[in-house]
Amino acid sequence: MLDAINSSLFTPIGEDGLIGIYLILNGLKVTLIVTLFAMILGAMLGVATTLMKMSSRWYLRWPANLYVGVIRGTPVVVQLVILYFIVLATWDVDKVSAAIIAFGLNSGAYISEIIRAGIQAVDKGQTEAARSLGLSQAVTMKEVILPQAIKNILPALGNEFIVLLKETAVIGFIGGVDLMRSGEIIRSRTFEDSVPLFTCALIYLALTYSFTFMLSKFEKRLKQSD
Amino acid sequence: MIKISNLHKYFGDNQVLKGIDESIARGEVVSVIGPSGSGKSTFLRCINLLEQPTQGEIVIDGQSITAPDACIDKLRQKVGMVFQNFNLFPHKTVQQNITLAPVKLGLMTQAEADTEAKRLLEQVGLSDKASAYPASLSGGQKQRVAIARALAMKPELMLFDEPTSALDPEMVGDVLDVMKQLAQAGMTMVIVTHEMGFAKDVSDRVIFMDGGYVVESNVPALLFGQPQEPRTQAFLSKVLR
């Protein structure tokens, strides 16, 4: 066991002198960068898409619905591969940026659904009360609905972040070296399966677990003001 | 002040209002009674266009509010509404609930609105609750705040949609007292209610609705004392024991 750990993580695993644990740490860095920036891009796209979906103009609603429908109806790995090898093929985009764009586009669709659900979960009576006072649709949204919707939205956004973090494990399909791909490289060079794969799994678990923990603390604080 | 003619409302295929003609004079207090599903709440909600009438015309102060170019937000500033479920804004304090609309609509500065809120809270007997959040109030207190919130817009007409139906029995009196004061102060009011005693005491006129029609309309003494229509008699014999 210790031998396996030592040979796959802490000694050079090829003629280029690559050491497993450095590969893993670099892969982890890529995973975190892609997740973080994809989440930021996704949040912006999500807000824009929600606004378009709630618009009364069909030419805004229609593309937004198409976008959400296509993204939700196809696997993220297919989207990633199409984006990198076809859509962005003519541009000189590096793999990490391509992954950020692909996962950002993907989570934007889900985030727009999260925001929409959060807004719709606010009691209809709130809108009626605000409108009956003479407030416009826009002021009602900003002053009455959104401040309440945010409490529904933030916890679900945290969940989306966890999902996204795990989904980035398919970056290897376009040749990007993320955490998962690092494990695979070690595995193919050392013919040692358990150590690299469990190392990857444990790191993912540690990340999602600690994030879930922070999230539940945060949710408790949100509830306090009720 | 309000003239309603030939008001029809469909929800899908379901016809809830089947042609209502009513007029309500300035300062008049009108109670609307009737069994569940008779269309009385829908009727009330049509008056400030929370429900869009399918057919018919509503004229308030000489302005048709059902015209396609009617400015609904302006109309609603003149028509206050109190809901069965209060619908206070839970993320705002009592005072903020009251001042939000007049300030956002540019009718008062925040300072003016705060003074007005203080006065209104005194009027509804809740001076000590200005900085409380709605979650900490009882149902009766919430409803009185909701009334104060509607009054802050200085409406010419107040609509009440079963304002005491969601309250514990011991809370009902406080809310009815506030409404009684308002009526005595000359406010024009339309009240959908199940409180027959209140309707009798406070209203200038009572409307009995059933099946999407106004079946009977009269001064309370006569409507309750000598109902003319069989359906009114049947309803009253069930609710007045």
Side-chain angles (χ1 to χ4, degrees), chain A residues 43 46-47 50-51 53-58 61 111 114-158 215-226, chain B residues 41 44-52 71-93 96-107 113 133-136 142-143 145-161 166:
Chain A
V47 171
T50 312
L51 290 176
K53 283 186 92 161
M54 296 194 323
S55 163
S56 55
R57 300 185 179 91
W58 67 268
R61 266 197 331 262
I111 289 172
I114 289 170
I115 298 173
R116 189 182 57 84
I119 288 172
Q120 282 176 350
V122 176
D123 182 22
K124 214 168 74 37
Q126 293 289 309
T127 308
E128 291 186 347
R131 297 306 303 274
S132 80
L133 289 164
L135 296 172
S136 67
Q137 179 77 55
V139 174
T140 300
M141 188 49 87
K142 177 169 164 282
E143 294 291 328
V144 176
I145 306 301
L146 284 183
Q148 297 180 67
I150 207 85
K151 283 190 190 181
N152 308 326
I153 292 170
L154 284 179
L157 271 187
L215 201 62
S216 67
K217 288 251 162 187
F218 177 66
E219 272 180 60
K220 261 188 206 136
R221 266 189 46 195
L222 275 185
K223 287 219 177 84
Q224 269 172 4
S225 63
D226 284 342
Chain B
S41 281
L44 193 75
R45 290 163 60 86
C46 280
I47 298 177
N48 71 348
L49 298 185
L50 283 183
E51 304 293 352
Q52 192 67 41
C71 181
I72 298 174
D73 289 338
K74 270 274 182 287
L75 152 83
R76 286 177 174 147
Q77 294 182 23
K78 294 195 296 186
V79 182
M81 174 120 181
V82 174
F83 299 86
Q84 181 176 354
N85 296 315
F86 330 125
N87 295 338
L88 294 181
F89 308 133
H91 58 297
K92 296 192 181 291
T93 63
Q96 290 165 343
N97 263 275
I98 297 171
T99 59
L100 176 70
V103 173
K104 287 290 163 194
L105 292 168
L107 305 179
Y133 279 89
S136 68
K142 281 181 195 168
Q143 195 60 298
V145 172
I147 294 172
R149 179 175 69 177
L151 290 176
M153 289 299 296
K154 304 197 186 304
E156 295 170 25
L157 165 69
M158 286 281 284
L159 308 174
F160 294 84
D161 189 3

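- For the pair Asn87(B) and Thr127(A), the minimum side-chain heavy-atom distance is 4.5 Å or more.
- Residues of residues 116-125 of chain A that come closer than 4.5 Å to chain B, counting heavy atoms only, are Asp123(A), Gly125(A), ordered by residue number.
- Counting heavy atoms from C-beta on, the side chains of Arg45(B) and Glu128(A) come closer than 4.5 Å.
- Of the two parts of Leu88(B), only the backbone, made up of N, CA, C and O, holds a non-hydrogen atom closer than 4.5 Å to a non-hydrogen atom of chain A.
- In this structure, no portion of Lys74(B) lies under 4.5 Å from any heavy atom of chain A.
- Summarising the geometry of Ala129(A) relative to Phe89(B), their closest heavy-atom pair is CB-CE2, 4.1 Å, with the distance given to 0.1 Å.
- Within the 4.5 Å cutoff, the side chain of Pro90(B) has heavy atoms near those of the Gln126(A) side chain.
- Put simply, of Met81(B), Gln84(B), Arg149(B), the one with the most heavy-atom pairs under 4.5 Å next to chain A is Arg149(B).
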| Step-by-step side chain to side chain contact (heavy atoms under 4.5 Å, CB included) determination, Gln77(B) to Leu133(A) | CA-CA 6 Å; Gln77(B) 294 182 23; Leu133(A) 289 164; over 6 Å; no
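- The neighbour count for Lys104(B) NZ, taken as heavy atoms of other residues, nucleotides or ligands under 6.0 Å away, does not exceed 12.
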| request: Evaluate the criterion side chain to side chain contact (heavy atoms under 4.5 Å, CB included) for residue pair Arg131(A) and Asp73(B); output intermediate values, then yes/no. | output: CA-CA 7 Å; Arg131(A) 297 306 303 274; Asp73(B) 289 338; 3.2 Å; yes
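- The two residues Pro147(A) and His91(B) come nearest to each other via the heavy atoms CB-CD2, 3.5 Å.
- When the candidates Val79(B), Leu49(B), Leu75(B), Leu100(B) are compared by the number of heavy-atom contacts under 4.5 Å with chain A, Leu100(B) comes out ahead.
- Ser132(A) and Asn48(B) make their closest contact through CB-ND2, 3.7 Å (heavy atoms, listed as atom of the first residue, atom of the second, distance).
- At a 4.5 Å heavy-atom cutoff, the contact between Val144(A) and chain B is made by backbone and side-chain atoms alike.
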